[in-house]
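Structure first, commentary second.
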Amino acid sequence: MYRERQKQLAEAVRRVLKAEWEIELAEVVMEQPPELSMGEFALPVAFELARKLRKAPRVIATELAEKLRGELRPESGFTSFETAGAGYINVRLEREDLALALAADGATNFSKNAARILVEHTSINPNKAAHVGHLRNAILGDTLVRILRAAGYSVDVQNYIDNTGVQVADVVVGFLHLDGKSPQQIEALIASCDALGAEAREGRFDYICWELYARVSQWYSEGTEEQQRQRKALRYETLHEIERGDSEVARVADRISTAVLHLHLLTMQRLGIEYDFLPRESEILHLKFWDRAFELLKQSGVLYHESQGKNAGCWVMTRPDAKVTKGETDEDAKVIVRSNGTVTYVGKDIAYHLWKFGLLGADFGYRKFFEYPNHTCWISCMEGAVEHPHFGGAGAIYNVIDSRQSDPQANVVQALRGMGHAEAADRYTHFSYEMVALTPRCAQDLGYHVAEEDRSRAYIEVSGRKGFGVKADDLLDKLTAATRSEVDARQPERTEAERQMIAEQIAIGALRYFMLKFTRGSVIAFDFKDALSFEGETGPYVQYTAVRARNIFRKSGTTPEQAMEAMRKSAAGAIQEDALWAIWLRAARREQALTAAIQSAEPATLARHSFQLAQEFNNFYHKHHIMTEEDPARKILLLATAAVALRELTVLLHWMGIDVPEAM
RNA sequence: GGGCGAGUAGCUCAAUUGGAUAGAGCAACGGCCUUCUAAGCCGUAGGUUACAGGUUCGAUCCCUGUCUCGCCUACCA
């Protein structure tokens, strides 16, 4: 209904401008007045016309408002057009119409969208436990998936697994050479970790790898020069063995990376994050994705063989926006194939992205890897199940990858464009975000040594290599413990299991909201004090608000559905009070908020939207005591308002992957 | 050197993409629990939007220059 009104208004403005002044606008800008009492829409169009018509904005606005009054009579749902400020036209709607439409239909109204979208997120190197930075990635990515689906898109979720990279090699070197374990001993260790279960923290396999990875990184830079040279050689020898596959070292690497991957999936499942497909680098290598891509790149002339300068003997690609003088060597070119014939990370990524868009002419093998309650997560393999879903061949893609990777991401887009796939390049979104870092105080609290020069900085970058960071499961544990003690105090009559469930829901609400409330371009300087806060602009605040609304229905002996029904049957729709109208109007703007979040690729706007609704409801809740309301007609309206708030909060929280607990 | 991002209240962040009086949360101060849950509500205080120009009806937002901070810029992945 709200969007219908918006459309009607825009069309009316177009008609009037055409008829009166022969003006056609590309788009009719529509804003929200700063105060509720001013109406539902604000049109700044008179400012735009001032120059063309050589008249003051206010004069134009007055004339235009008059004409609009003629176009959109009160019986069509528009009650007033007022000139305001320096030349705005404020438009009021019939509130009752809008409220009754909302009471009748609570669905998100979007038509099914044919385009298939592929979202890649998480993509943690499978060589150590996940940390806070990975949480930001996964939570942003998962929320993007949820809102795209809410908007009617069909979305596949992929988590790219770099199981043949140097990071995995480092842990392999650590186990085999630094700790002197045999492949059998590593196998036994993984088995004993499995037996302990993911709930164990000490002795959890990805935690062991975390510590080992830091130790190995340290080991590379210790010792005599000769030792360092040998260790480095060992590192690359191991890497190349893993890349080639089909050796004991490669099997050890596969065993380790698969075990860590499995734990990552469990960690993310705690947060309600699931994947459809796990493409692995090992298959990109062994299924010859790169060989095909290499041919295509050479044919299209995107890659050329450099014969001079520092990149002599390499296949290189000109960078986006590079200023290259004809006849001169482009020293700044991006190396894709090294002089020794091996392909770089960007090269493999180009092949992978050709596959994503269905432009490679090759596909993975697929086999089942992980079962969620409601669906299966598949993994790539050489030859898999005969019957399997097909991933890839997407109409549009989103890569949730932090801003440090914007350069390689741009290289991939550049390659696609250079190969003539301009359409694919246009539908390639690097969903970029800034990193999560730790405040110096947080680092010190965790027991890390903080260098003198770092103490005055706003934040310090986390580093897996240094073992410097906050592990995802530790953070979730800490949040759950904090919420649990609060729940125990507030809900003593509930069972142990109920209290634990509530505590976990609140912990997840706090964490997910915390990661979503910052806009993507802002570095999160992580601190336990902020992350463990449950007051003010936090997930628990919004959850608590929904629980308050729910309690009204628990105690009043009616349901939200019945309250809506009663509202429709009675003529209780007249809503004069702003405290009530704010809630109905925000509910009416659900689709607008969703569209804005998708178009700007900014989930933070939704987090804010939900917080504002929560504030509006708490304000209403404080002003009006619903259960003791004596006027029956009034009580119906108040109950329906609580019902619409509860429904809206539940939907918005769900889009962010946050549940509404039974009680708080 | 080049590219990207950031600089807004004591702190952490917003600002409908150029609009009305720049808003929230935390921290501070002052009120509100016999009432549907105080993880809440109301109020006070807090601003030269890094700086200097420019564009126009209008600039936190766009342009130019300067300063500060972070990240990226390897034949690492």
Side-chain angles (χ1 to χ4, degrees), chain A residues 29-35 38 42 44 46-48 50-51 56-57 84-88 90 125 162 164-169 235-236 239 281 310-314 316 319-323 332 334-340 342 344-346 348-349 402-408 410 432 434-435 437 457-459 461 483 486 490-491 506 510 517-525 527 529-530 533-538 540-541 543-545 547-549 551-556 592-593 596 599-600 604-605 608 611-612 615 618-619 621-629 638 642 663-664:
Chain A
V29 179
M30 225 171 277
E31 294 167 7
Q32 294 170 21
E35 276 169 56
M38 295 176 174
F47 298 113
E48 207 176 328
R51 169 167 266 186
Y88 283 94
N90 288 337
N125 270 303
D162 184 5
T164 56
V166 73
Q167 294 212 21
V168 168
R235 186 186 197 194
Y236 287 106
L239 173 62
E281 189 173 77
K310 67 176 177 123
N311 295 331
C314 299
V316 302
R319 286 174 193 275
D321 307 319
K323 295 168 199 78
D332 212 32
K334 182 74 193 170
V335 172
I336 303 298
V337 180
R338 304 184 188 98
S339 55
N340 67 5
T342 58
T344 61
Y345 171 75
V346 172
K348 285 178 263 190
D349 222 20
D402 76 59
S403 64
R404 286 170 292 192
Q405 300 240 35
S406 57
D407 212 49
S432 159
E434 275 290 347
M435 64 184 169
R457 295 170 58 171
Y459 52 82
E461 191 174 355
T483 51
E486 198 61 36
R490 289 163 186 251
Q491 307 291 333
I506 299 169
K517 75 191 230 183
F518 301 94
T519 50
R520 290 184 288 119
S522 158
V523 175
I524 298 181
D527 197 306
K529 182 173 81 53
D530 301 328
S533 158
F534 308 131
E535 290 168 16
E537 194 183 351
T538 66
Y541 172 88
Q543 288 174 306
Y544 181 72
T545 308
V547 168
R548 277 182 143 179
N551 282 341
I552 293 168
F553 292 101
R554 198 201 313 279
K555 296 202 176 172
S556 68
Q592 188 185 51
Q599 272 173 2
S600 59
T605 60
R608 192 157 206 87
F611 172 64
Q612 284 168 341
Q615 280 186 316
N618 279 321
N619 175 275
Y621 181 91
H622 183 255
K623 272 189 187 151
H624 304 286
H625 200 268
I626 298 165
M627 302 229 332
T628 54
E629 175 58 49
L638 295 181
M664 278 179 80

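Owing to the predicted nature of the structure, the values given are computational and were not obtained by experimental measurement.
- When side chains are defined from C-beta on, A:His624 does not count as touching A:Glu629, because their heavy atoms never get closer than 4.5 Å.
- A:Phe534 is not listed as a side-chain neighbour of A:Glu486, based on a closest heavy-atom distance of 4.5 Å or more.
- A gap of 28 Å separates the P atoms of B:A59 and B:G3, to the nearest Å.
- Put simply, the side chain of A:Met30 does not reach to within 4.5 Å of the side chain of A:Gln592, judged on heavy atoms.
- Residue A:Phe611 contributes atom CZ, which lies 12 Å from atom C1' of B:G40 at whole-angstrom precision.
- Separating the P atom of B:C62 from that of B:C26 is a span of 30 Å, rounded to the nearest Å.
- Although no hydrogens or angles enter the test, the distance criterion places a donor-acceptor pair under 3.5 Å between the side chain of A:Arg520 and the main chain of A:Ser432.
- Of the candidates B:C41, B:U12, B:A39, B:C41 carries the atom nearest the A:Tyr541 side chain, counting heavy atoms from C-beta on.
- A side-chain N or O of A:Asn618 and one of A:Tyr541 form a donor-acceptor pair less than 3.5 Å apart.
- Across all strands, A:Pro57 comes closer than 4.0 Å to no nucleic acid atom at all (heavy-atom distances).
- Rounded to the nearest Å, the gap between the P atom of B:G23 and that of B:U68 is 32 Å.
- Residue contacts for A:Glu535: at a heavy-atom cut-off of 4.0 Å it reaches the sugar-phosphate backbone alone, with no base atom in range.
- Remark: the separation of the P atoms in B:A15 and B:U8 is 14 Å, to the nearest Å.
- Using a 3.5 Å distance cut-off with no hydrogens or angles, the side chains of A:Arg548 and A:Asn551 do not pair a donor with an acceptor.
- In terms of position along RNA chain B, the nucleotide closest to A:Pro33 lies nearer the 5' end than the nucleotide closest to the other residue of the pair A:Thr483 and A:Pro33.
- The same atom, P, is picked in B:U60 and in B:U48; the two are 13 Å apart, to the nearest Å.
- When distances are taken from the side chain of A:Pro540 to each of B:G25, B:A39, B:C26, the shortest belongs to B:A39.
- For the P atoms, the distance from B:C76 to B:U16 is 44 Å, rounded to whole Å.
- When all heavy atoms are compared, the tightest approach of A:Phe47 to A:Gly87 is CZ-N, 3.7 Å.
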message: For a quick check, with a 4.0 angstrom heavy-atom cut-off, what is the B/S/- contact string for nucleotides 67-75 of chain B, read 5' to 3'?
response: ---SSSSSB
- prompt: What pattern of brackets, bars and dots sums up RNA chain B from 5' to 3', given Watson-Crick or G-U wobble pairs under 3.5 Å, [ ] for crossing pairs and | for another strand?
  reply: (((((((..((((.....[...)))).(((((.......))))).....(((((..]....))))))))))))....
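- Here the separation of B:G10 from B:G46, taken at their C1' atoms, is 8 Å to the nearest Å.
- Results of the side chain to side chain contact (heavy atoms under 4.5 Å, CB included) test with A:Thr164 over A:Val168, A:Val166, A:Asp162 single out A:Asp162 as the only residue that passes.
- Atom pair A:Gln592:CD and B:U16:P shows a separation of 13 Å (rounding to whole Å applied).
- Per the geometry, CZ belonging to A:Arg520 stands 13 Å off C1' belonging to B:U17, to the nearest Å.
- Across all strands shown, A:Ser432 has no heavy atoms under 4.0 Å from either base or sugar-phosphate atoms.
- Atom OH of residue A:Tyr621 and atom CD1 of residue A:Ile552 lie 5.5 Å apart, to the nearest 0.5 angstrom.
- Judged by closest nucleotide on RNA chain B, A:Ala50 is the one of A:Thr342 and A:Ala50 placed further toward the 5' end.
- When distances are taken from the side chain of A:Ala42 to each of B:G25, B:U21, B:A20, the shortest belongs to B:A20.
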- request: Go along nucleotides 32-37 of chain B 5' to 3' and tag each nucleotide: B for a protein heavy atom under 4.0 Å from its base, S when only backbone or sugar atoms are that close, - otherwise.
  value: ---BBB
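- Note that NZ of A:Lys517 and CD of A:Glu537 are 5.0 Å apart. Values are rounded to the nearest 0.5 Å.
- Annotated as syn: B:C33, whose glycosidic dihedral is within 90° of 0.
- Glycosidic conformation, B:U35: anti, with the torsion outside 90° of 0.
- Interatomic distance, A:Lys310 NZ to A:Asp332 CG, rounded to the nearest 0.5 Å: 7.0 Å.
- Looking at heavy-atom distances under 4.0 Å, A:Asp527 makes no contact with the nucleic acid at all.
- The nearest pair of heavy atoms linking A:Ala86 to A:Pro57 is O-CB, 3.5 Å.
- As judged by a 4.0 angstrom heavy-atom cut-off over every strand, A:Asp349 is placed among residues making no nucleic acid contact.
- A salt bridge between A:Asp407 and A:Arg319 is present, with a side-chain N of the basic residue lying under 4.0 Å from a carboxylate O of the acidic one.
- Considering only side-chain N and O atoms, A:Gln615 lies nowhere under 4.0 angstrom from the phosphate OP1 or OP2 of B:G40.
- Using atom P as the reference point in both B:A22 and B:C4, the two lie 32 Å apart (nearest Å).
- Here the P atom of nucleotide B:A20 and the CD atom of A:Glu35 are 12 Å apart, to the nearest Å.
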